[in-house]
Protein chains: 2
Amino acid sequence: MATIYDVARAAKVSLATVSAVVNGTAYVSPGLTTRVTAAIQKLGYQPNLLARSLAKQQTHTIGMIVPNIANPFWPEVVRGVEDAAHAAGYTLLMASSDDDRAKEALYLRLFLAKRVDGLLLTKAAGPLDPDLAAMLRTTRTPVVQLMRSSTALGGDKVLIDEREGSLAAVAHLLRLGYRRIGMINGLDQVSTSAQRLEGYRDALASWHVEFEAALVVRGDFRVESGHAAGLELLDRKPDAVFIANYLMTVGFMGALRARHLRCPDDIAVVTCDDHPWLDSFHPRLTTVNLPKYELGQAGARTLVERLEPGHPAGAKRARVVTLKTTLCLRDSCGCDLRRGAGA
Amino acid sequence: MATIYDVARAAKVSLATVSAVVNGTAYVSPGLTTRVTAAIQKLGYQPNLLARSLAKQQTHTIGMIVPNIANPFWPEVVRGVEDAAHAAGYTLLMASSDDDRAKEALYLRLFLAKRVDGLLLTKAAGPLDPDLAAMLRTTRTPVVQLMRSSTALGGDKVLIDEREGSLAAVAHLLRLGYRRIGMINGLDQVSTSAQRLEGYRDALASWHVEFEAALVVRGDFRVESGHAAGLELLDRKPDAVFIANYLMTVGFMGALRARHLRCPDDIAVVTCDDHPWLDSFHPRLTTVNLPKYELGQAGARTLVERLEPGHPAGAKRARVVTLKTTLCLRDSCGCDLRRGAGA
DNA sequence: CTGAAAGCGCTTACAG
DNA sequence: CTGAAAGCGCTTACAG
C-alpha cells in the first residue's frame, strides 16, 4: 500500500501538504492540489486509518455489547445503531455477552484497548466490575446504556418505558376478565425485569387483584427457560400469562402443547416484542411492541452527540431518553372470545 | 492512560523489557519481571492496541458484511462468526449492505482503510467493483465468501448446498402429489438464487414435470416482496409453492390471507431457513434447515486459518466448504393431508 | 539478558 | 501558503 510519504514524493511536496489536501484541513494552492490528487490517483493511495487514529487519538469506532445477537430482539436494534453510526461516520465493533459478566468484562476491556471512541452497552445481569467502572472513568470513554439501566454506571441512557408497556398489557388482560394472570419474567438483576414486574403489579393493584408471588416465575430470555417456566406456571392454573420476551413465549407455547392446552381458548397470552411474522401465524400474538430500531438509532445518536466536539463534553449533563411502547392487539389475548365478558 | 513509557520509567527498565514481559516474547529475569508487573499493576497499564496494530501491521480485527442483520437469517450466522472469531482472538467489525453494491463498496473500502486482517463477505447482488477487487488483491487481504459465491472473487468460500436442499424440498412436494409447484426465489444475480432454481428445476425434471417459467417469480428477500410475489403467483393457481427465505414466506402468508386461501388445505408451502419458533405457531412450516451458526463458525475458522502464520499463506490453495441442509417436515407441506395421495 | 534506536503511517504545531 | 520536525504508543532488529 502506498503511504503518505509515497504521495508526497510523487507530488514533490511535503507530508503536511498531502495531509492538508486529504483532510481539507488547510488551504493549498490549486497547483499543488492537482499535483497531490494526481499522485493519490496514480498510487491508489488510501490513508491508513490506524495511523490516523493513533495520531488523532480518535478511532471513529464505537463498541456495542448486546446480550445475544441471536435473540431476535437485538438484530433490529443493532441495525438502528449501525445506520445512525454510519451516517455519522462511525464503524461498529460488535459482541454478545450472553448476560455473562465475565464475558462482558472481557469485551469491554478489549474494546477499550482498541480505543473505541464510545460504547453502547446493554449491561449484562448483575453489577459492573468496579475496576472496569474506574477504567471507563479514567479513560473518559463515553458509554450510553441501551435498553437496560445499571446504577453502577452514570451517563446517558436510552431506554424503553417497560413499566408502562407491561401495565398496559396486564390491564388489557384484566379488562377482558382474566384474574389469575401469571408472568414469565426475564433475568433477575436486569432493570427491564424489575420494571416489567412493577407494571404487572401496578396493573393488578389498580384492579384490586391480589398479587400472588407464586404466579410469577423467572426465565433467562431463552426458549428453554420459557418452556420450563411455563410447565411450572401451568401447574398453578393461571387463566392468562404475560411473558417478557418472544423467545420465552416460544418456549411457553411448547409447554402449552405438552399440557394439551390451547391459546387463547384455555389460556391467554400477551408478550413483549413484536415481529413482522406474528401476523401470519396462529395463535396471532398480542404484544407490547418495543421500538427496537428507534432504540438503536437513538442510542447511537446520543453517543455520537456526546462524542462530537461543539458539545463541551464535560459540560453536557447526562441525558436519559425513554421510548414508548404500544400495545398490539391480536388473538392470543382472547379479545374475540372475551370481548365484554369482563365488563 | 499509562503508556509503556510510564511503565518502563516506573520499573526503571527499557521499553523493550516491558514489551517482552507484556508479550512474553523473550526471556526476562525474574527480578525485572516482578518490577515490571508491579509497575503495570500500579499504573493500571493496558497496552494500546492501536499502536500495537500499527507496529505489527496486524489488527486482529475482521470485517463482516452481510446483506441485512435485521433479516432473521443473519443473526445466527453472525453469532457463529463472533464465537469462532473471538475464540481465536479476533474482534468483529460488522455492517449491512442491503444488497446495495455502492453501500457494499463503501464498507469494504472503510474496512480496508481500517486495516482489518481479513473479511467475511456475503456478496451483494451483482458484480464486484473491479477497483475493489484490485485493492483486495494488492493489499493481500484474505476474504472468505460466506453463503454466496461470486466469481469476481477468488479465495475461500463457505457455502450451503442450496441446490440439494431445494431439490429435496421440491421433490418432497412432488412425492405428495403436487404438480403445479410455484417458486418465490430471491434476488437475481445472487448465487443462492441460481442454485435454488437449479434444485427446483432438477426436481421437476426427475419427476417429468414440465418447467413453467410463469410459476417462478422473483423477490428481494423482504416481507413486502414475498407478499407481492405471492399475489402474482396465486393468480396462476399453483397447488404448492417453494419459497427462498423466511421473510418472503411471511409476506406470502399475508397474500394467502388476502385471497382467503389456507395453508396447507388450499396450497402447500415449503420454505428455506428454519427457526425455533416455527414449531409453535400454525401453520407449522416445513423448511429446508440451513445450518446458520455452523456457516458463520466455519467461515470465521476458515478465515482465521488463512490469517494465522504456520500456514504458508500463499501456498495454501483456496478452500471451499459446503454445508448440507436437512429437510424439516411439519404441516405446511400438507404431509398429513396428502400422505400416500401422490403415490 | 537488557537497552538505545529506528520504524509503523499518520497529524499538528511551529517556523519560514 | 509550505516544509521540517516531533509526537501518537507500540514492536523489533541490533548491539552490548
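Just the heavy atoms: all of them, side chains too, but no hydrogens, waters or symmetry mates, feed the values below. The chains referred to below are lettered A, B, ... by the order of the sequence lines, with proteins before strands, and numbering in each begins at 1.
- The closest side-chain donor-acceptor pair between B:S14 and B:T17 falls under 3.5 angstrom.
- With sequence neighbours excluded, no residue forms a salt bridge (Lys or Arg N to Asp or Glu O under 4.0 Å) with A:E76.
- Contact between the side-chain N/O atoms of A:S29 and the OP1/OP2 oxygens of D:dC1 is not found at any separation under 4.0 Å.
- Residues meeting the salt bridge (Lys or Arg N to Asp or Glu O under 4.0 Å) test with B:D129, sequence neighbours left out: B:R109.
- For A:R9 and D:dT2, the CZ to C1' distance is 19 Å, given to the nearest whole Å.
- Ion pairing of A:R301 with A:D156 is absent here, as no side-chain N (NZ or NE/NH1/NH2) approaches a carboxylate O to less than 4.0 Å.
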(request) For each nucleotide in nucleotides 8-14 of chain C, reading 5' to 3', give B when a protein heavy atom comes within less than 4.0 Å of its base, S when such contact involves only the sugar-phosphate, and - otherwise. (result) BBBBB--
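- Partner of B:V144 under the side chain to side chain contact (heavy atoms under 4.5 Å, CB included) criterion, chosen from B:I62, B:L120, B:V320: B:L120.
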(request) Would you write the dot-bracket representation of DNA chain C, where each base gets (, ), [, ], | or . depending on whether it forms a Watson-Crick or G-U pair under 3.5 Å and with which partner? (result) |||.||||||||.|||
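- For B:A152, the side chain to side chain contact (heavy atoms under 4.5 Å, CB included) partners are B:L128, B:S150, not counting sequence neighbours.
- With sequence neighbours excluded, the residues satisfying salt bridge (Lys or Arg N to Asp or Glu O under 4.0 Å) with A:D98 are A:K103, B:R79.
- For B:T61 and A:K114, the side-chain atoms include at least one donor-acceptor pair closer than 3.5 Å.
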